[in-house]
Every structure is written in structure tokens, then in C-alpha cells.
Amino acid sequence: MTSRPVRVRFAPSPTGPLHVGGARTALYNFLYARATGGTFVLRIDDTDRARSTDESLQNILDGMRWLGLDWDEGPTRPGETESASRFGPYFQSLKFDRYREVVLDLRERGRAYPCFATAEEVEEGRQAMARETGVPMYDRRYRTLPRDEADARIAAGEPHVWRFATPLASDGGESKVVVHDAIKGDVEVDLKQIDDWVMLRNDGTPLYNLCSTIDDLDMGITDVVRGEEHFVNAVKQILLFRALEADVPRFAHLPLILGKDGKKLSKRVAQTNLLDYRDQGYPPEAIVNFLTLLGWSFDGEREIFSLAEAVDAFSIDKLGRSGSVFDEDKMIWMCGMYVRATPVEVLVDRVAPFLEAEGVLSKSAIAESRAYVENVVSCHRERFDRYGEVPSKIAFLFADSVEYDAKALKSLRKSPETADWLLAFRDALKDVAVPPSWPDRPPEADALRLPETGDATTSGCGGASSFARPSELEAMARALADRLGIGFGNLVAPLRAALTGAAGGAGLFDIVYLLGRERCVARIDAAIDSLRS
Ligand code: GLU
């Protein structure tokens with residue numbers, strides 16, 4: 001085997017969106033290329049003209065870009081013919097002449113022949129072969145047709161396909177082929193199992209094994225890293241490489257991704273369209289991290305690492321053999337880990353499109369109230385794992401009023417004295433410097449980074465703010481509960497219900513601080529009204 005610099009490829013067919021399995025294949029190719037200083041090629045296997053769409057292509061390109069899997073060679077936009085590279089073109093649809101030329105060359109090498117069998121003849125032959133050898137396959141009836149006769153039939157316009165002439169032990173050819181696979185080890189395949197497969201259809205369109213092999217050859221691919229489902233094709237491809245007297249690439253077939261039930265991953269478990277994760281606000285870094293672990297381990301222990309760290313640690317011989325389990329709960333847990341580790345400024349950029357889309361805050365409102373929004377997101381970052389969850393968690397802060405959910409209603413109605421306690425809190429607010437409500441908040445109010453650290457020197461505003469901090473608001477509420485002779489919980493549960501409409505959420509006094517005086521007062525009044533009506 002040669003030691004050429006690594007050139008690997010991800011070769012999706014644009015017949016549907018990029019899914020989890022495809023993304024993992026792309027990722028491992030990317031990691032392998034980056035870890036070895038090699039080249040990562042993106043090739044578009046679009047020979048199936050009827051099923052290939054620009055939309056799917058765009059989806060695949062967007063998905064790879066979203067995950068940060070930049071390719072070194074390949075297409076950039078749908079329909080674009082890439083820069084003149086000695087390895088391109090990277091769209092199979094642009095290479096039909098080349099595939100045909102190779103088939104004719106293979107004919108000269110005795111490894112390709114035209115087959116004129118009708119569908120009925122093919123079927124009849126299959127049945128006969130099944131009876132004779134136990135393997136239902138094309139019976140090779142046109143393999144020995146004299147060349148001049150074949151040419152005359154082609155010239156006469158007779159429908160035909162072009163088949164590969166698989167070496168036959170009876171002709172003195174090899175009887176077995178060993179696939180050297182970096183993951184599965186050496187796997188011996190009996191050539192009796194391999195038929196004379198079709199390379200070109202009657203209409204001249206080329207088929208996958210032909211195109212894939214020629215492209216791997218033309219593109220100087222050193223390693224074919226792809227899904228387990230293509231292992232069956234490796235033998236045919238090896239035979240083709242050999243027929244063309246070309247170096248056979250190394251193979252690595254990635255184990256299936258399994259659902260938690262141990263069965264092949266169903267579409268229900270993993271989104272069929274990777275970009276659905278983007279659209280639901282999964283952090284892409286978490287998805288990459290999660291996918292990296294579907295068949296590879298960082299060091300046997302560490303679960304959270306960046307793509308760059310994975311590149312440094314990656315080696316192809318550490319890819320695992322067993323099917324990897326797709327555990328959605330773990331993926332979401334990882335999303336949360338990334339959310340928590342992302343600087344709040346970046347988090348707001350990530351969350352902003354979701355706030356806009358849900359009509360919580362416009363782009364300009366976010367820009368104008370940036371420090372406030374950062375504080376809001378910061379207060380809630382322990383409570384969401386995906387950006388898409390944020391709008392529903394924080395919308396109450398920007399709403400004119402709130403609706404009470406069942407638990408909030410229960411809190412509000414628990415004691416006949418609730419309205420009095422809320423009123424007492426409302427009165428007590430007069431004596432503390434609660435910041436004004438959004439959108440009329442002075443910048444000073446949001447210089448304090450929430451949640452409060454407790455240490456004024458590290459909390460963002462030092463001692464500069466003249467507003468009461470959340471901790472002071474809480475102290476006020478505790479003193480009030482004492483004065484009323486009630487437990488603190490008796491006060492804060494209905495207060496939370498009144499202010500947020502829900503029974504749980506971020507720190508209550510952070511919320512009081514964020515809601516500001518006018519909104520707090522209005523919500524307490526609304527709750528008292530509803531209790532008294
Ligand atoms: N176009 C094939 C697929 O999408 C590529 C298989 C291969 O990597 O050889 O599955």
C-alpha cells in the first residue's frame with residue numbers, strides 16, 4: 001500500500017436531506033483528513049437525475065456548513081461547476097462521458113460486455129442460477145457473445161446494458177477477494193456471490209459502483225470511509241480498481257447507528273433531516289460532539305470536547321466495531337452543557353433568531369436592549385438546552401400580561417389571604433429602588449450581570465448602581481413575611497404565580513429585578529383583581 005497523503009471523500013446523493021448517519025460519515029472523513037493533514041473532498045453522487053434535487057443539495061451543503069465541516073474540494077453552490085481542479089468535476093452528473101469511456105476501456109481489458117437480455121431472460125436466468133448454485137443472479141448468458149456479433153446488435157439499435165465481467169474461477173481467475181477494512185478487519189468474500197453487475201443502463205446512464213470507483217480513482221482517494229450498508233459494494237469496487245490496474249483505497253465501514261432498542265435507527269428517533277436540529281435550536285457544537293462519539297471515543301472517558309480537540313485526538317484505527325447507540329437524551333444533555341459553557345454574548349446571538357421568529361422580540365429591540373436581553377438569557381441559561389426553548393421561557397418578561405397555568409392558579413388560590421399578602425408586597429416595593437420596566441430601563445439597571453454573584457466586585461456593576469439588587473429585594477420580602485407572620489414560601493409562591501403565570505422558573509428576585517417596577521405592580525394588581533372578582 002502506498003503512503004500517499006490522505007484524500008478522503010464524503011459522497012452524498014442529493015436525493016434527500018442530510019441525516020444523522022450521513023452527517024456522521026462526513027464528520028469522520030473530515031476528522032481523518034484534518035488529523036492527518038490530508039484533503040477532505042465533497043463529491044455529489046447525483047447520477048440519479050430523476051431523484052436528485054437542488055433543494056437536497058443545498059440542504060446537504062447547509063448541513064455541513066452548520067456543523068463546521070468545511071471541505072477542501074467540492075461544489076460550493078447548486079449547479080456550480082467547481083474551479084478547474086485536476087481532480088474534479090465533483091458532480092457525477094458532469095462525468096457521464098468519462099464513465100462511458102472507462103466502460104469501453106474495460107471492454108478492451110476483457111472486463112466489460114454488452115448484455116442484450118430482456119427482463120424475462122434475466123429473470124429466467126436468475127431462477128436457473130438459484131437452482132444450480134443457490135444464488136439467484138444473472139446467468140452471464142451474453143458474456144461470451146462474440147464481439148462482432150455484439151457490435152452488430154448495438155449498431156442495429158438493440159437495447160442493451162453494459163455489465164462487469166466478474167473474474168471466474170473457471171477462467172483461472174481468483175475465487176475470493178479479501179476486503180481489508182480498518183474497522184471490520186479482513187473480510188473474505190467468495191466471488192461466487194458476485195454477479196456480472198450492470199455498469200451502464202440501456203439509456204446510457206451509469207450506476208453507482210461504476211461511478212463511485214472511477215471517481216475515487218480520478219480523485220486520488222486513499223481511504224473510503226462510509227456507512228456499513230456499503231460494505232457489500234466494496235468487493236465490486238475492488239474488482240473494478242484491479243481491472244483498471246489502479247491502487248485500491250483502504251476501506252473503513254462505519255457500524256450502523258442503532259436506536260436505544262438495539263435496532264437500526266428509525267426515522268422517528270433521529271430527525272431525518274439534520275437541519276431540523278438547527279431549526280429547533282440545537283447548538284451545532286453539541287451535535288458535532290455527540291456524533292463524534294457515535295463510533296469513536298476520545299479517551300474512553302471524556303465526553304465533552306470541541307471539534308478541534310477531536311481533530312487532535314482522532315485516529316482511524318480507534319473507530320469502534322459495534323453499532324453505536326443514538327441516545328437522544330444524551331444529545332440533549334450535551335446541548336445543555338454547551339449552552340452553559342457559551343459566553344452569554346454569543347448565546348444571545350444564537351437565541352436572537354428564535355426570539356424574532358416567535359415574535360417575542362424584534363431584531364432591533366434586541367439590539368437596543370442588548371444588555372437587558374443578555375441578563376434575561378443569563379438568568380435562564382440553566383433552564384434550557386436548546387435555543388428554540390428560550391422564547392417560551394422568557395416571553396412572560398416582554399408580555400403585557402400573563403395567563404396563569406394550573407399550578408400558578410393553585411398557588412394563587414391556596415390561601416384566602418393571598419391577595420392581602422400580595423398587596424403588602426406591592427406596598428413594600430415603594431420603599432425599595434426597583435429598576436424601571438423594559439423598554440424604559442436605564443443602562444445602569446442592566447450593568448449588573450444576573451444571576452447575582454453575591455460579590456459586588458465581580459457582578460458587573462460594582463457599587464455603581466443605585467438600584468436594589470435581587471438579594472436586597474429578597475431580604476425585603478423575607479422581612480415582610482416575618483412581619484406578616486407567614487412562612488416565606490407563603491409569600492413567594494403566589495408572587496411567582498402573579499409575576500410569571502407559572503409555578504417554576506428562574507430565581508424569583510432576579511425576575512422581580514428584570515420585570516421592573518411598573519410591570520411588577522401591574523401584575524400584582526391583576527392577580528389581586530382576579531382573586532377578588
Ligand atoms: N452516494 C452514496 C451514498 O450516498 C455514497 C456511498 C459511498 O460513500 O461510496 O450512500
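Order of listing sets the numbers, starting from 1, for every ligand and every atom in it.
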S.K.: Measure the distance from atom 5 (C) of ligand 1 to every protein heavy atom, then report the residue, atom name and distance (to 0.1 Å) of the closest one.
M.R.: Ala11 O, 3.1 Å
S.K.: Under 3.5 Å, is there a donor-acceptor pair linking the side chains of Tyr208 and Gln92?
M.R.: no
S.K.: Give the residue, atom name and distance (to 0.1 Å) of the protein heavy atom nearest atom 9 (O) of ligand 1.
M.R.: Tyr208 OH, 2.5 Å
S.K.: Asp45 heavy atoms, cut-off 4.0 Å: which ligand 1 atoms fall inside?
M.R.: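 Close to Asp45: 1 (N), 2 (C), 5 (C).
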S.K.: As an exercise, identify every atom of ligand 1 less than 4.0 angstrom from a heavy atom of Arg226.
M.R.: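 Those of ligand 1 that fall under 4.0 Å from Arg226 are 7 (C), 8 (O), 9 (O).
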S.K.: Gly110 and Ala165: which non-hydrogen atoms are nearest, and at how many Å?
M.R.: O-CB, 3.9 Å
S.K.: Check whether any side-chain heavy atom of Arg98 lies under 4.5 Å from a side-chain heavy atom of Phe96, and answer yes or no.
M.R.: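 SC-SC contact between Arg98 and Phe96 ruled out.
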S.K.: Can you tell me if Arg9 has a non-hydrogen atom under 4.0 Å from ligand 1?
M.R.: yes
S.K.: Parallel, tilted or perpendicular: which fits the ring planes of Phe314 and Tyr32, with parallel below 30° and perpendicular above 60°?
M.R.: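 The rings of Phe314 and Tyr32 sit tilted, inter-plane angle from 30° to 60°.
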S.K.: Starting from atom 10 (O) of ligand 1, locate the nearest protein heavy atom and write down its residue, its atom name and how far away it is, to 0.1 Å.
M.R.: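 Protein heavy atom with the smallest distance to atom 10 (O) of ligand 1: His230 NE2, 2.7 Å.
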S.K.: Should the proximity of Ser212 to ligand 1, defined as any heavy atom under 4.0 Å, be assigned to the side chain, the backbone, both, or neither?
M.R.: side chain
S.K.: I'd like to know if the side chain of Gln58 pairs up with that of Asp62 as donor and acceptor (distance under 3.5 Å, no hydrogens or angles considered).
M.R.: yes
S.K.: What do we get for Glu229 next to ligand 1 when only non-hydrogen atoms under 4.0 Å count, side chain, backbone, both or neither?
M.R.: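 No part of Glu229 is near ligand 1 at this cut-off.
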S.K.: Are the side chains of Phe164 and Arg111 in touch, meaning some heavy atoms are under 4.5 Å apart?
M.R.: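 Yes, side chains in contact.
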